[in-house]
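What follows is one structure encoded as structure tokens, with my remarks underneath.
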Amino acid sequence: MTAYDVIVVGGGPAGLGFARALAGSGLRLAVVERSPRAALADPADDGREIALTHHSVATLRKLGAWDALHADEIAPLRAAHVFNGGSPFALSFDTAGSKAGAGPLGTMVPNHAIRRALFAATEGQDGLDLMTGVGVTGARANRAGASVTLDDGRVLTARLLVAADSRFSAIRDQLGIAARINRIGKSMMVCRVMHEADHDGIATEWFDHGQTIAMLPLSGRRSSAVLTLPCAEIDRLAALDADALGAELTRRFSGRLGAMRVLDRAHVYPLATTWSHHFAADGAALIGDAAVGMHPVTAHGFNLGLAGATRLADLIAAAAAKRRDIASPLLLRRYETAHRLQCRPLYDATAMIVGLYTAESPAARAARHVTLRAAARLPFLRQSVSRLLMQS
């Protein structure tokens, strides 16, 4: 057996961000990740773009990951427009009236670039063992401590076990923590496109009849096209060649940005949301998507995951500095309470938005239009939402 202070299962952004936030704490950490080391050091492009809030950018700077990003991987998100059906009316969110003034609403960065940067910041960290290419076959935790059994037969023990292994977390299941998982029955297709018109740094979310399509601004006249449809229809579109797919996306976006040309292959993600009934248990905690798996429509899953991971790390580092129990029930309860308070409003609001703006009944369509118009007449509401988008 090999003893650690903390074992983290999952080497994605939440797991690596958590481990990096504990640098200098004097704790001995293990991060266990099934993927090979090369896949962490240079992750494959998965097509996803992350809309980072100001708080997340500040966190990545603090973790030493921001400077590892390439300049052409960073694009400002200046505003967001929401359309409904065939109406030309748009509900707009920007930084007008906020402390940020005329600054951006957020920042767009590819998911694989963030993963690469976090690995670069974490690699070689004192007190951290990064175990790659190995899976976990068993896990347990209680007030006496935690242990995991690896698929190569090794057994690791620790004072605290942290699960960061996706919204379908096997560790969460083994800890006996129930979760509400909603498989939506639709898929999201993402691909980068070049287009004729300028996007001006504005993200567009269009809840059209029968589809949801978003254009997320990248550098130059490029955007990330995000299309949500029933799974079979997305699979059909993803199989089209680049020219046919570009024409299809141009048509589906009603030519708002002119003709589109697909720059790389399409990636498909079946949609599911997760809400864990608890974010902590005796000797264990959940972070990232293992705690909350958000619907991508509000683009807040990554930001909430990073915020929760660093919140837990800060509590643990403070306890270690005072020579207190890093896995005490009080510490884990403080983490769970604070993270649930931050996540629940966004999770519920997202569910409401998805329910209202994807329903196709005449009553729902009318309610969508009335809701957008009403929100537009309440500047304080739009400013509040903008601040929430920037700071979470």
Side-chain angles (χ1 to χ4, degrees), residues 1-32 55-56 58-65 118 121-122 124-131 136 139-149 155-165 169 171-172 174-177 276-288 290-292 304-344:
M1 287 190 182
T2 305
Y4 293 91
D5 293 303
V6 184
I7 298 170
V8 184
V9 180
L16 291 181
F18 169 80
R20 182 58 183 166
L22 284 173
S25 66
L27 298 173
R28 190 176 182 199
L29 314 175
V31 174
V32 182
H55 185 271
S56 290
T59 298
L60 291 174
R61 289 187 188 278
K62 183 178 178 181
L63 297 179
L118 280 168
T122 307
Q125 178 175 313
D126 288 343
L128 171 62
D129 287 344
L130 183 57
M131 303 177 183
V136 173
R140 67 163 187 84
N142 54 44
R143 293 194 180 186
S147 69
V148 299
T149 301
V155 176
L156 312 179
T157 63
R159 290 190 277 169
L160 178 67
L161 171 62
V162 176
D165 58 334
S169 172
I171 301 301
R172 181 182 63 214
Q174 292 181 44
L175 293 173
I177 300 176
S276 298
H277 293 182
H278 295 283
F279 295 176
D282 288 340
L286 311 180
I287 61 174
V292 182
L304 289 171
L306 184 63
T310 54
R311 173 181 286 115
L312 178 60
D314 288 346
L315 289 170
I316 291 170
K322 296 177 181 178
R323 299 185 181 279
R324 294 177 179 172
D325 184 2
I326 64 169
S328 73
L330 177 59
L331 183 153
L332 295 175
R333 189 159 56 248
R334 285 179 62 194
Y335 158 70
E336 178 174 38
T337 299
H339 196 41
R340 288 173 78 89
L341 284 173
Q342 183 178 24
C343 292
R344 191 80 217 199

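Only this structure's heavy atoms are used, side chains among them; waters, hydrogens and symmetry mates stay out.
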Q. Atom NE2 in His278, atom CZ in Arg172: separation rounded to 0.5 Å?
A. 12.5 Å
Q.
Using every non-hydrogen atom in the two residues, find where Ala317 and Ser25 come nearest and quote the distance to one decimal.
A. CB-CB, 4.4 Å
Q) Mind checking what makes salt bridge (charged side-chain N to carboxylate O under 4.0 Å, His left out) contact with Arg344, not counting sequence neighbours? A) Asp348
Q: Check the pair Leu175 / Leu161 against side chain to side chain contact (heavy atoms under 4.5 Å, CB included), numbers first and verdict last.
A: CA-CA 10 Å; Leu175 293 173; Leu161 171 62; 4.1 Å; yes
Q: Taking the side chain as every heavy atom from C-beta outward, state whether Leu128 and Leu22 have any atom pair closer than 4.5 Å.
A: no
Q.
How close do Ala139 and Gln174 get, counting heavy atoms only, and between which atoms?
A. N-OE1, 2.7 Å
Q) Looking at CD1 of Ile177 and CD1 of Ile171, how far apart are the two atoms once the value is rounded to the nearest 0.5 Å? A) 10.5 Å
Q: Indicate the atoms forming the closest heavy-atom contact of Gln125 with Ala19, along with that distance.
A: NE2-O, 3.0 Å
Q) Which atom pair, heavy atoms only, marks the closest approach of Val8 to Ala164? A) CG1-CB, 4.3 Å
Q.
If I take atom CG from residue Leu160 and atom CG from residue Leu312, how far apart are they, to the nearest 0.5 angstrom?
A. 6.5 Å
Q) Out of curiosity, Leu306 CG to Leu118 CG, how far, rounded to the nearest 0.5 Å? A) 7.5 Å
(Q) For Ala163 versus Ala290, what's the shortest heavy-atom pair and its separation? (A) O-CB, 3.7 Å
Q: Working to the nearest 0.5 Å, report the span between NE2 of His55 and OG1 of Thr59.
A: 4.5 Å
Q. Say you draw a straight line from OG1 of Thr310 to CG of Leu63; how long is it, rounded to the nearest 0.5 Å?
A. 7.0 Å
Q. Taking all non-hydrogen atoms of both residues, which atom of Ala141 and which atom of Ala284 are closest, and how far apart?
A. CB-CB, 3.9 Å
Q. Are Leu29 and Phe18 close enough, and set up right, to give a side chain to side chain contact (heavy atoms under 4.5 Å, CB included), and what steps lead you there?
A. CA-CA 10 Å; Leu29 314 175; Phe18 169 80; 5.6 Å; no
Which atom pairs, one a donor and one an acceptor, fall under 3.5 Å between side chains of residues 320-337 and the rest of the protein, sequence neighbours left out?
{"unit_1": "Asp325", "atom_1": "OD1", "unit_2": "Ala327", "atom_2": "N", "d": "2.9"}
{"unit_1": "Ser328", "atom_1": "OG", "unit_2": "Leu331", "atom_2": "N", "d": "3.1"}
{"unit_1": "Tyr335", "atom_1": "OH", "unit_2": "Leu286", "atom_2": "O", "d": "2.5"}
{"unit_1": "Glu336", "atom_1": "OE2", "unit_2": "Phe279", "atom_2": "N", "d": "2.7"}
{"unit_1": "Thr337", "atom_1": "OG1", "unit_2": "Arg333", "atom_2": "O", "d": "2.9"}

Q. Is Asp5 salt-bridged to Arg28, going by a charged N under 4.0 Å from an acidic O?
A. no
